Amino acid sequence: MTNAIETTGIHKSFGDHTVLRGIDIAVASGTIYSLLGPNGAGKTTMVNILSTLAVADSGTARVAGYDVVGQADAVRAAIGVTGQFAAVDGRLTGAENLRLMADLHHYGRKDGRRRTAQLLEQFDLEAAAKKPASTYSGGMRRRLDIAMTLVGEPRVIFLDEPTTGLDPRSRRAMWQVIRDLVADGVTIFLTTQYLEEADQLADRIAVLDTGVIVAEGTPDELKRLVPGGHISLQFGEHDQLVAAAKTFGEVARDDDAMTLQLPSDGGVRSLRAVLDGLDRESITVEGLSIHTPDLDDVFLALTGRPRAEKENQK
Ligand SMILES: Nc1ncnc2c1ncn2[C@@H]1O[C@H](COP(=O)(O)OP(=O)(O)OP(=O)(O)O)[C@@H](O)[C@H]1O
Ligand SMILES: [Mg+2]
């Protein structure tokens, strides 16, 4: 598989403030790659470098096969960028915003109208098409913004925090939009502060913290880096708890709650071992639950801090 995005050793400073300290990433074509990090981590800076809006101090980056510095025009022709702050013009209607983009992409009058109509339908904006964008809700504005990015049919799309500030329902709708785009074969580079979002959407995730990537992998790989997975057994009878503790060891036993927690990677094999043990000793449990570590645990384990952006999340 070819890579839609490839970088080596990207550094970027503003004055004496170093923002990126050697970023190496590779994004396979047709996948979603998520750059995850708190406020000020350097996400937008990275998007700006990859989309030719800023130049790195050192290192190389290729997007859609072209060098972002030496072949910036070819990169720009291949990509779409939806910035962190919407590029929508509030004085124009949704349809007018889209037609403006079609003009910028040198669509003829007829093709421009056709593409505009197509996108209004795809993004569920037909009813609002003739209203000024200033009257749109946050979610509608975001959808229009992404629709504008798609006018030129880009093969690689950068989405910088596409769901920040959206309510849960609009966020889910946006996730579906993103999934549909990838199903059409485009590559998506998505920044987010939301661990759950990266977990839901991304094929691979890079965790950015103070200018370096502190972890990279599939969501499952990242979760496996982190201890904390366990199987929790709930007992109805105290003697059953005692028997289980004898069988599995005295780890995390709570006599008041009548639970026993057994370390586990959350995988099927460790679950089977527990069930076999219960069977063999004829121990009765009332309930069993599996806790696999989530990306919150990952961030804490990798950076030694709980994710700071939590207070911003609604
Ligand atoms: N043009 C600039 N001049 C000076 N400093 C900048 C500039 N652009 C970004 N920075 C600084 O670089 C750091 C990283 O900023 P960046 O916008 O890349 O973070 P981010 O991860 O996108 O954060 P957020 O989640 O808040 O959008 C910040 O400390 C910011 O103040
Ligand atoms: Mg940003």
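Just so we're clear, the structure is a prediction, and the values are computed from it rather than from any experiment. For reference, positions follow the sequence shown, starting with 1. As the structure lists them, so they are numbered: ligands from 1, and atoms in each ligand from 1.
- Nearest non-hydrogen protein atom to atom 17 (O) of ligand 1 is T44 CB, 3.6 Å.
- Excluding waters, the set of protein N/O/S atoms under 2.8 Å from the Mg ion (ligand 2) reads T44 OG1, Q84 OE1.
- Judged by a 6.0 Å distance limit and a 45° cone about the ring axis, R171 is positioned over the six-membered ring of Y194.
- At the shortest separation from atom 26 (O) of ligand 1 among protein heavy atoms lies N39 ND2, 2.8 Å.
- Residue-ligand proximity, V19 to ligand 1, at heavy-atom distances under 4.0 Å covers atoms 12 (O), 13 (C), 14 (C).
- A salt bridge does not link R169 to D167: none of the charged side-chain nitrogens sits closer than 4.0 Å to a carboxylate oxygen.
- For the residue pair Q200/R179, the side-chain donor-acceptor check at 3.5 Å is satisfied.
- Between G40 and ligand 1, a contact under 3.5 Å exists for at least one N or O pair.
- For atom 18 (O) of ligand 1, the closest non-hydrogen atom of the protein is T45 OG1, 2.6 Å.
- Salt bridge D255/R253: present, at least one basic N to carboxylate O contact under 4.0 Å.
- Remark: distances from the non-hydrogen atoms of G42 to ligand 1 include one below 4.0 Å.
- Between the side chain of T218 and the main chain of E221, a donor-acceptor pair closer than 3.5 Å is present.
- For atom 30 (C) of ligand 1, the closest non-hydrogen atom on the protein side is H17 CE1, 4.6 Å.
- The protein non-hydrogen atom at the shortest distance from atom 3 (N) of ligand 1 is F14 CD2, 3.4 Å.
- The shortest distance between side-chain heavy atoms of F158 and I5 falls below 4.5 Å.
- Residue Q193 approaches ligand 1 through these ligand atoms, each under 4.0 Å from one of its heavy atoms: 25 (O).
- Inside a 4.0 Å radius of atom 24 (P) of ligand 1 there is at least one protein heavy atom.
- Residues T45 and V47 have side chains not in contact (no heavy-atom distance under 4.5 Å, counting atoms from C-beta outward).
- Set against the non-hydrogen atoms of E161, the atoms of ligand 1 under 4.0 Å away are 24 (P), 25 (O), 27 (O).
- Residues T164 and Q193 bring no donor and acceptor atom of their side chains to less than 3.5 Å of each other.
- Taking the side chain as every heavy atom from C-beta outward, R115 and L150 approach each other to under 4.5 Å.
- Side-chain contact between T259 and F235 is absent, with no heavy atoms from C-beta onward closer than 4.5 Å.
- The closest side-chain heavy-atom distance from D254 to L260 is not below 4.5 Å.
- Of the protein's non-hydrogen atoms, Q84 NE2, 2.7 Å is the one closest to atom 27 (O) of ligand 1.
- Residues T8 and D24 bring no donor and acceptor atom of their side chains to less than 3.5 Å of each other.
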